[in-house]
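Written below as structure tokens is the structure these notes are about.
Just so you know, residue 1 is the first one in the sequence shown, and it goes up from there. None of the values given here were measured: they were computed from a predicted structure.
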Amino acid sequence: MATIDSGAFRNPNRDLYVNLMGTKKQAESEQSKAFSYPRDPTWWTGPGPRIGACPGMLEDGTITSLPFPDITAQGTRQGLLDYFNNTWTLTEVLFSGLLGEETFIRTPWHQLRHPMMFYFGHVGVVYVNKLRVAGFLKDGIDDRFEQIMETGVDEMSWDDLSKNEMEWPPLQDVIGYRQRVYDAVCDIILNSDFSFPIKTTDPAWAIVMGTEHERIHLETSSVLIRELPAHLVTKPKEWPLTHPSASESPERLAKNEFLPVKGSTVELGKPLDFPSFGWDNEYGTRSVEVESFHASKHLITNGEFLEFVRSGGYTSRDCWTDAGWQWRKFRNVLFPTFWVPDGPVGLHQYKLRLVFEIVSLPMSWPVDCNAHEATAYCNWRSLKDSSPHPYRLISECEHHLIRNSSTKDTSMGRLRDFTLKYKGSDMHTGANGDNLYNTQLAFGSHTPVDALRPSDKGFHDTFGNVWQWCADDFNPLEGFEVSPLYLDFSTPCFDGLHTIILGGSFASSGDLCSPFSRFHFRPHFHQHAGFRIAYGPSNPAKILPKQGTNGASLTEPSDSSSQDLIHSSMASHYGLTTDVLPWEFGPSGANFVTMIADLCTAKATALSLPLNRALDIGCSVGGSSFQLALSYNEVHGVDASSEKIEAASEIKREGQRSYLRRDDDNFATEIVASVDTMVDRTKVSFHAEDASHLSPQAFGQFDLILLANILEHTPHPSSILDKASRLSAPGGLVVVACSNFWTEAETPRAEWLGGG
């Protein structure tokens with residue numbers, strides 16, 4: 001059993017020489033490692049990347065993605081098997097570029113994801129688990145793997161540094177497990193009881209769900225490989241070719257400009273009967289009236305972004321959102337993560353890390369960055385250009401209006417989705433008018449933003465090359481329903497903390513790059529993702545209330561005084577009388593948060609008011625919110641302190657949380673607070689929001705609004721009451737509890753309610 005290392009907490013792309021060469025000891029040991037390159041024949045558990053054996057192999061010996069198979073009544077088992085073999089082999093080709101077993105168990109430098117070993121086994125585990133749920137497999141294949149490699153939901157806030165402290169099984173054991181999974185899936189495809197067409201409600205939907213899940217991890221694994229030191233990987237000869245512009249003309253710039261887009265009605269959502277696979281968030285409907293706007297003809301390039309870097313954009317606080325600035329400071333970021341400095345600090349001369357290699361920075365390629373960096377660029381560019389309308393990221397609805405018209409042409413039937421027509425090697429030629437994209441692994445790298453033909457709206461790379469960060473939070477469409485085969489694929493990310501990405505990248509394939517695809521990442525995560533900018537009189541982006549934060553507190557420092565406040569709040573919300581005042585002469589009876597919540601419920605019941613939605617403004621660490629959930633179907637707790645919201649969210653997630661009771665200056669007692677087991681914690685959502693910013697558009701209206709001990713701690717209490725009236729449903733109940741203890745430190749005297 002091998003133990004992972006620390007990953008060093010430092011982006012290897014910051015150090016060109018070590019990135020390329022490693023230490024002398026490392027370089028000399030590469031040749032003696034097991035699992036060196038090229039791989040032994042036992043590495044390949046499927047057909048292997050051999051022309052004539054594996055679907056998708058090209059004459060030059062490289063592999064590309066097949067189009068998604070036909071699952072209509074005309075579909076065949078052989079077509080489904082070919083697609084599975086193509087998917088499976090793409091994964092093994094990608095992972096064959098990792099040198100040595102230690103590389104598989106090395107922790108990512110940022111500590112936010114699992115080592116590569118996990119993902120190599122995880123895709124097989126998901127096939128097994130979904131096929132069991134669908135009824136094709138009665139039992140698992142290996143309980144050990146199906147436990148430790150089951151859960152891939154490892155997106156974290158940027159300051160949540162998971163140490164991944166566990167031992168992973170030997171790589172040879174994982175290969176053996178993959179062989180058994182491969183054999184089982186092939187047998188199910190060829191011999192099990194199912195028929196075409198395959199629909200969302202059919203058990204065989206689990207088969208195509210498995211291939212599309214694997215293709216997600218094919219791409220995300222390529223990003224993780226891109227984050228490894230370059231001397232630990234090598235480019236497999238079967239991997240798609242790098243675009244020739246990487247070496248022929250890296251210094252060439254691409255001219256960008258804004259193009260006008262006429263406003264129109266946009267219809268979102270994939271028809272439930274559309275004959276291809278879709279994740280649950282793609283289905284549903286929404287009709288949006290989009291005003292006219294302008295958008296950049298091209299994706300923002302490395303050349304354009306270099307100007308932002310050279311002008312000091314990374315150190316200019318005015319360019320960044322609060323969350324973005326905290327992330328930037330925490331990581332000490334001064335340039336994009338895949339740029340590799342090629343000279344002294346301040347020279348601003350860079351190379352570019354690709355998946356397996358390092359090349360001169362191609363100025364005409366799209367920049368890779370996260371959403372924080374993209375937003376900062378928009379703000380910097382707005383100031384630079386003195387734009388009458390601030391530049392911003394394009395919205396999901398606006399993205400639909402710059403696409404080629406063929407993607408909306410229902411007369412084309414299933415083939416309006418180009419991922420069902422073209423393999424990767426045919427995807428970029430433009431010969432048919434709708435194959436305009438660097439996606440489906442047409443290349444193993446980006447391409448210049450002006451290399452391929454534009455859409456009939458004049459915009460290049462509306463799909464492929466890099467994902468495009470949007471202004472929208474990841475959100476459900478009307479009529480959204482969870483897939484019974486994958487209950488937690490989308491819903492945990494409808495939290496206001498995940499940002500929509502659209503269009504796919506060069507490494508996307510299958511459903512990932514479909515016109516119906518809607519994916520998401522937290523704004524600090526890196527993917528093969530960039531952006532284009534837009535401006536206009538309005539922003540149609542869909543924004544959700546935030547259920548927590550994407551990093552450290554945005555409203556207060558995480559110091560001892562703020563932690564003392566959390567401990568005090570925990571005691572007042574959850575402390576038993578015997579814990580808070582453990583003396584015989586102490587008071588008895590329920591605490592305030594329980595009493596006020598019960599009072600609200602009793603009053604609403606007496607007035608025969610609905611017990612559907614409740615809003616707890618100034619919820620602190622959530623005690624009254626949970627108490628309200630005993631009676632109300634849906635409770636939202638809001639507080640301006642993100643540290644209190646984090647504490648409340650932890651209690652929602654775990655059902656308990658420890659805190660310290662200060663006994664004297666030198667001693668404290670640790671106490672575990674818990675929520676009544678009768679409370680359905682899933683009814684409660686917590687949001688780090690200033691009460692003065694709440695709006696019915698974002699939160700809707702409520703049958704009950706509770707404001708307990710909040711007014712005397714805000715600068716404008718009358719505006720909070722005004723917000724409450726707008727958030728209250730007609731005939732709703734608003735309950736205010738106020739100590740009437742006003743201080744000018746928190747509320748100007750002129751704002752004191754009742755005079756001062």
### Message
Within a 6.0 Å radius of atom CG on Asp193, are there more than 12 heavy atoms belonging to other residues, nucleotides or ligands?
### Response
no

### Task
May I ask you to decide if the ring planes of Phe506 and His528 are parallel, tilted or perpendicular, using 30° and 60° as cut-offs?
tilted

### Task
Could you grab the distance from atom CG of Asn612 to atom CD of Gln701, nearest 0.5 Å is fine?
13.0 Å

## Note on the structure
d(Ile501 CD1, Leu512 CG) to nearest 0.5 Å is 8.5 Å

### Message
As an exercise, state the distance from CG of Leu615 to OG of Ser685, rounded to the nearest 0.5 Å.
### Response
11.5 Å

### Message
Looking at Arg657 and Glu650, is there a salt bridge between them, counting it only when a charged N and a carboxylate O are closer than 4.0 Å?
### Response
yes

## Note on the structure
For Phe474, the ring pair (Phe, Tyr, Trp, His ring centres under 6.0 Å) test, sequence neighbours excluded, returns Phe494, His520

## Note on the structure
Shortest non-hydrogen pair, Leu628 vs Ala614, comes out as CD1-CB, 4.4 Å

### Query
Can you tell if the side chain of Val128 reaches within under 4.5 Å of the side chain of Tyr177, non-hydrogen atoms only?
yes

### Task
Quick one: do Glu396 and Lys542 satisfy salt bridge (charged side-chain N to carboxylate O under 4.0 Å, His left out)? Show the steps, please.
CA-CA 8 Å; Glu396 179 180 18; Lys542 180 78 170 178; over 6 Å; no

### Message
Parallel, tilted or perpendicular: which one describes the rings of Phe194 and Phe136, with boundaries at 30° and 60°?
### Response
perpendicular

### Query
Parallel under 30°, tilted from 30 to 60°, perpendicular over 60°: which one fits the rings of Trp88 and Phe84?
tilted

### Task
Drop me the distance from Tyr632's OH to Ser625's OG, to the nearest 0.5 angstrom.
12.5 Å

#### Entry: Rounded distance [0.5 Å steps], NE2 in His636 versus CZ in Phe699
7.5 Å

### Query
Among pairs that include at least one residue of residues 67-95, which meet salt bridge (Lys or Arg N to Asp or Glu O under 4.0 Å), considering only residues two or more places apart or in two chains?
Glu92-Arg178

#### Entry: Arg215 to Phe277, cation-pi by 6.0 Å centre distance and 45° axis angle
no

### Task
Walk me through it: do Lys683 and Glu634 pass the test salt bridge (charged side-chain N to carboxylate O under 4.0 Å, His left out)?
CA-CA 5 Å; Lys683 292 182 177 181; Glu634 179 183 345; over 6 Å; no

### Query
Do the ring planes of Tyr486 and Trp279 sit parallel (below 30°), tilted (30 to 60°) or perpendicular (above 60°)?
perpendicular

#### Entry: Greater than 12 external heavy atoms within 6.0 Å of Glu481's CD
no

### Task
For the pair Tyr574 and Phe626, name the ring-plane relationship: parallel under 30°, tilted 30 to 60°, perpendicular over 60°.
tilted

### Task
Apply the test side chain to side chain contact (heavy atoms under 4.5 Å, CB included) to residues Thr76 and Leu80: give CA-CA distance (whole Å), side-chain angles for both, the deciding distance (0.1 Å), then the verdict.
CA-CA 6 Å; Thr76 65; Leu80 198 56; over 6 Å; no

### Message
Could you check whether any side-chain heavy atom of Val223 comes within less than 4.5 Å of a side-chain heavy atom of Val355, counting everything from C-beta outward?
### Response
no

### Message
Take a 6.0 Å sphere around NZ of Lys199 and say whether it holds more than 12 heavy atoms from other residues, nucleotides or ligands.
### Response
no

### Query
Mind checking whether Phe418 and Phe463 have parallel, tilted or perpendicular rings, split at 30° and 60°?
perpendicular

#### Entry: Spacing of OG1 belonging to Thr682 relative to NZ belonging to Lys652, to within rounding of 0.5 Å
7.0 Å

### Message
Could you tell me if the side chain of Ile188 sits less than 4.5 Å from the side chain of Leu131, heavy atoms only?
### Response
yes

